[in-house]
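Report on the following structure.
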Amino acid sequence: MTGDAYTVVGAGAIGGTLAHSLAAAGHRVTVIDTDADHVAAIRADGLTILHGGERESVRLDAATPDTYQGPPLARVLLSVKAHATEKAMRWIAPRLTPDGYVVSVQNGFNEELIAEHIGAERTVAAFVNIFADLVEPGVVRDGGPGAFVIGEVGGAPVSARVRALVADLQAWGPARATENVEGYLWAKAAFGAMLSATALADAPMADLTDRHRATMYALAAEVYAVADASGVRLESFDAFEAPAFRPDNDPALRGAACDRLTAWLRTQPKDRSGIWRDLAVRHRPVEVTTHYAPVLQQARRAGLNAPVLRAVLDGLRELEQDPSTMSESRLDALDRLAVSGGHTAGTGGPECHALPAGPALTGAQAVAVHGWLDEHRDAMDADLAAYTSQESSSDDTAALAACLDWLRGWLDTSLGAPTSEEVRPREDAGDILIRRYAGTGPSTEAPVLLVGHYDTVWATGSLPDWPYRREGDRISGPGVFDMKAGLVQAVWALRALTALDLPRPECTLLLNGDEETGSKASSDVIVAEARKSRAALVFEASADGAVKTTRKGVGLFSLTITGEAAHAGLDPTSGASAVNEIARQVLALEALADPAAGTTLNVGVLRGGTRSNVTAAEATAQLDIRVATDDERARLDVALAGLAPSDARTSLRIDGGWNRPVFERTEGVGRVFALARSCAAPLGLDLRETAVGGASDGNFVLAAGTPVLDGLGAVGGGAHARSEHVTLSGMVERSALAAGVLAAFATA
């Protein structure tokens with residue numbers, strides 16, 4: 001072999017295709033891959049490409065990162081999954097020659113992270129669109145011709161090394177140089193978002209793209225808006241005609257371009273995306289959530305909303321937990337989101353609904369509402385006492401069912417029959433109650449969503465030794481603060497508006513029975529209802545009277561270390577201790593916390609080993625991670641994906657995921673808070689806002705793009721503790737505040 005030497009790190013679909021082409025053309029190629037079976041197959045039988053029914057194999061060097069003993073690296077084609085970039089670069093950087101470089105032959109935007117390790121001068125940007133697939137160890141199925149564009153980072157002029165790369169890669173196909181790789185990457189982000197959406201269902205990409213054009217056009221529009229705000233000039237590639245998918249283009253031209261795109265997709269040997277395969281076949285996390293973190297970050301900086309893209313990513317995260325729920329109904333819902341939001345570039349979804357400019361009640365009316373509620377404080381107390389007597393522990397489905405039956409009767413008595421009611425059954429969790437109530441005001445906008453949960457952390461049987469008790473203004477009992485008083489306040493707010501003949505908006509009341517355990521069985525319903533709603537009021541308890549306009553996102557993960565068991569006394573050197581390794585990992589994890597950025601990481605449970613005289617074969621750590629921004633969430637995703645054992649004889653696995661998305665204060669949240677603050681003023685209340693580390697179902701609501709005001713519930717304290725309590729005067733005050741906010745939505 002006489003050609004330039006190349007190291008391909010990540011020999012999957014893209015890396016394997018390029019490595020095969022370069023080796024077949026006479027270049028010295030070494031592939032590095034973490035899949036030991038894949039490496040073993042390549043070493044034994046060569047790297048094989050399937051062209052239709054034909055197999056073509058080439059011999060080349062192959063190694064796992066921990067077994068590589070070769071020379072320093074000069075030309076590296078990096079083709080690992082985006083979320084593995086950090087880990088791969090930690091391996092590459094110390095082995096790269098001073099004049100060596102790394103080409104990001106990956107999906108997504110990875111050049112900045114690569115440059116952090118080796119410098120921008122040794123980083124080369126690339127765009128690749130190859131429809132290949134790794135079908136078995138050592139074997140890659142060729143996906144036919146694609147696109148491959150290479151250029152310097154930042155749009156610098158085409159350099160000699162880029163020209164040399166392009167010349168060598170003619171062995172694969174029509175690779176070419178450009179000064180605008182970024183334009184291709186952003187166009188691929190739009191196209192990739194469309195293909196990502198097709199992974200929500202088990203059907204060919206072409207068919208789903210064709211049938212769900214509203215979703216596809218909305219996704220392109222959202223990505224284009226961010227690219228435009230960043231000053232990027234988009235480039236067409238393969239059959240994706242970038243200008244045609246602009247939202248302001250002639251619909252007929254856009255439709256014709258979509259026709260050509262779907263026709264081209266039908267010619268591809270791979271009819272489903274690699275994202276679909278990761279979910280349905282390999283049962284592993286997808287990389288697109290990492291791909292689109294920079295897109296969403298730049299969208300926020302530009303003040304743009306991307307509700308359909310966020311919904312796609314949320315759906316993919318759900319499928320990571322349970323791929324059996326793939327369904328075309330998910331794309332039907334996306335179509336409705338795209339259309340109902342009146343989607344235009346960078347906007348759309350619930351944030352597009354008009355929010356009230358200010359209070360609707362006069363000062364005198366607001367005071368009258370408070371006075372009426374104060375006259376009924378004993379009735380509010382009686383309702384809370386009756387509600388608290390219905391035990392509703394999150395882990396007692398029988399008690400939850402009985403509590404929900406009681407609630408339905410109480411709601412009928414308090415508010416009358418709803419326009420409609422749905423009870424969504426859930427296995428191993430409390431059922432979900434959705435009640436819709438007609439409005440009495442002039443507004444024809446979408447309904448306001450009222451969110452609460454009826455489960456509590458208190459075990460069944462807590463009431464006998466801790467009964468409901470009112471002492472003066474103070475009320476105590478299991479669950480009164482979190483969050484039974486909040487629902488009582490919401491109901492009485494609506495009752496006050498009706499009694500005083502004041503306007504009331506159309507409302508959707510949603511109550512779930514698994515909030516305290518993460519809302520795993522109800523989050524999809526919450527998101528769906530949020531997307532139909534104009535805004536949401538969450539009646540979780542207040543923070544010392546302040547409403548909550550920022551909440552952290554919560555990740556619940558487990559780290560498992562697998563070692564090698566041995567007799568600690570007779571054979572102390574032959575084993576590999578999982579306990580020792582997890583101790584090192586816990587210290588490394590601790591370093592990921594960044595309190596200044598609002599990021600905390602707690603290893604709350606640590607288990608390992610079986611006996612003191614046995615080298616531990618397994619150890620686990622349970623992690624609770626809290627982040628204040630999506631940027632930090634993306635950083636933690638990359639860091640966790642890049643964890644590697646320090647003892648090569650051990651292996652590690654990360655399971656779990658983000659239980660709730662980040663609740664960052666958006667413009668919409670700020671506007672609803674400003675409205676509430678104005679409604680509080682006539683009551684003599686100086687309403688405050690705060691950021692908290694705990695999460696709620698409001699996190700899901702905001703992730704759906706719906707403005708939300710959280711913490712509108714009880715005033716008191718002691719959540720999850722025997723000191724739990726609320727004040728009755730606070731219930732009256734907060735109910736009057738909620739009534740004022742609701743009246744504003746009824747008239748705007």
Side-chain angles (χ1 to χ4, degrees), residues 376 378-438 447 449-464 466-470 475 477-495 498 507-526 528-529 537-541 696-697 713-714 724 726 731 735:
H376 291 81
D378 289 339
M380 294 177 72
D381 169 41
D383 278 353
L384 181 57
Y387 184 13
T388 305
S389 72
Q390 305 295 316
E391 293 193 289
S392 51
S393 174
S394 299
D395 59 4
D396 187 338
T397 54
L400 289 168
C403 180
L404 189 58
D405 282 344
W406 181 89
L407 282 171
R408 293 171 66 197
W410 173 64
L411 288 169
D412 284 343
T413 301
S414 300
L415 299 177
T419 304
S420 66
E421 179 189 77
E422 300 172 62
V423 177
R424 304 277 186 91
R426 288 295 183 268
E427 291 186 11
D428 303 321
D431 294 343
I432 304 165
L433 178 66
I434 303 171
R435 283 196 163 202
R436 306 185 197 281
Y437 294 94
L449 181 63
L450 312 181
V451 181
H453 65 88
Y454 62 94
D455 64 316
T456 73
V457 299
W458 297 103
T460 302
S462 297
L463 272 172
W466 185 28
Y468 181 91
R469 179 177 289 111
R470 174 182 170 187
I475 295 171
V480 293
F481 183 63
D482 187 11
M483 57 153 284
K484 293 192 172 186
L487 177 58
V488 172
Q489 292 168 198
V491 168
W492 277 90
L494 291 169
R495 290 188 65 174
T498 300
C507 293
T508 301
L509 176 64
L510 188 154
L511 302 176
N512 63 334
D514 67 334
E515 193 274 344
E516 296 292 3
T517 54
S519 302
K520 295 178 181 178
S522 57
S523 60
D524 57 338
V525 177
I526 295 167
E529 289 301 323
L537 306 179
V538 180
F539 285 86
E540 287 279 2
S696 80
D697 289 334
E724 186 169 2
V726 300
M731 290 180 65
S735 189

Contact between [X] and [Y] at the side-chain level, heavy atoms closer than 4.5 Å - yes or no?
| X | Y | result |
| --- | --- | --- |
| Val525 | Leu510 | yes |
| Tyr468 | Leu384 | yes |
| Pro447 | Arg436 | no |
| Glu540 | Asp697 | no |
| Leu487 | Leu511 | yes |
| Asp381 | Ile475 | yes |

Shortest non-hydrogen contact from [X] toward [Y]:
| X | Y | answer |
| --- | --- | --- |
| Met483 | Phe539 | CE-O, 3.1 Å |
| Tyr454 | Lys484 | O-CE, 4.2 Å |
| Ala714 | Gln489 | CA-OE1, 3.3 Å |
| Thr456 | Gly479 | CG2-CA, 4.0 Å |
| Ala399 | Thr460 | CB-OG1, 4.1 Å |
| Ile432 | Ala521 | CD1-O, 3.8 Å |

Using 0.5 Å steps for rounding, measure from the [atom1] atom of [X] to the [atom2] atom of [Y].
| X | Y | atom1 | atom2 | value |
| --- | --- | --- | --- | --- |
| Cys507 | Leu494 | SG | CG | 5.0 Å |
| Tyr437 | Leu509 | OH | CG | 6.0 Å |
| Ile434 | Glu529 | CD1 | CD | 4.5 Å |
| Ser523 | Glu515 | OG | CD | 11.5 Å |

Can you list every salt bridge (Lys or Arg N to Asp or Glu O under 4.0 Å) pair that touches residues 384-401, not counting sequence neighbours?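 For residues 384-401, and leaving out neighbouring residues, there are no salt bridge (Lys or Arg N to Asp or Glu O under 4.0 Å) pairs at all.
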
Just checking, any donor-acceptor pair under 3.5 angstrom between side chains of His453 and Asp514?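 The answer is no; no qualifying pair exists.
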
Name all residues meeting the side chain to side chain donor-acceptor pair (under 3.5 Å) criterion together with [X]; count only those two or more places apart in sequence or in a different chain, and write none if there are none.
| X | value |
| --- | --- |
| Ser394 | Asp455 |
| Thr388 | none |
| Glu724 | Trp458 |

Can you list every pair that meets side-chain hydrogen bond (donor to acceptor under 3.5 Å, both in side chains) and has a residue in residues 423-434, with sequence neighbours left out?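 Listed once each, the pairs are Glu422-Arg424.
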
Expected list for residues 401-412: side-chain donor-acceptor pairs under 3.5 angstrom, two or more places apart:
residue : atom : partner : partner atom : Å
Arg408  : NE   : Glu421  : OE1          : 3.3
Arg408  : NE   : Glu421  : OE2          : 3.3
Arg408  : NH2  : Glu421  : OE1          : 2.7
Trp410  : NE1  : Asp383  : OD1          : 3.4
Trp410  : NE1  : Asp383  : OD2          : 3.2
Trp410  : NE1  : Ser414  : OG           : 3.2
Asp412  : OD1  : Arg435  : NH1          : 2.8
Asp412  : OD1  : Arg435  : NH2          : 3.0

Would you check if the side chain of Thr397 reaches a backbone N or O of Gly430 as a donor-acceptor pair within less than 3.5 Å?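 Side chain of Thr397 to backbone of Gly430: no pair is present.
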
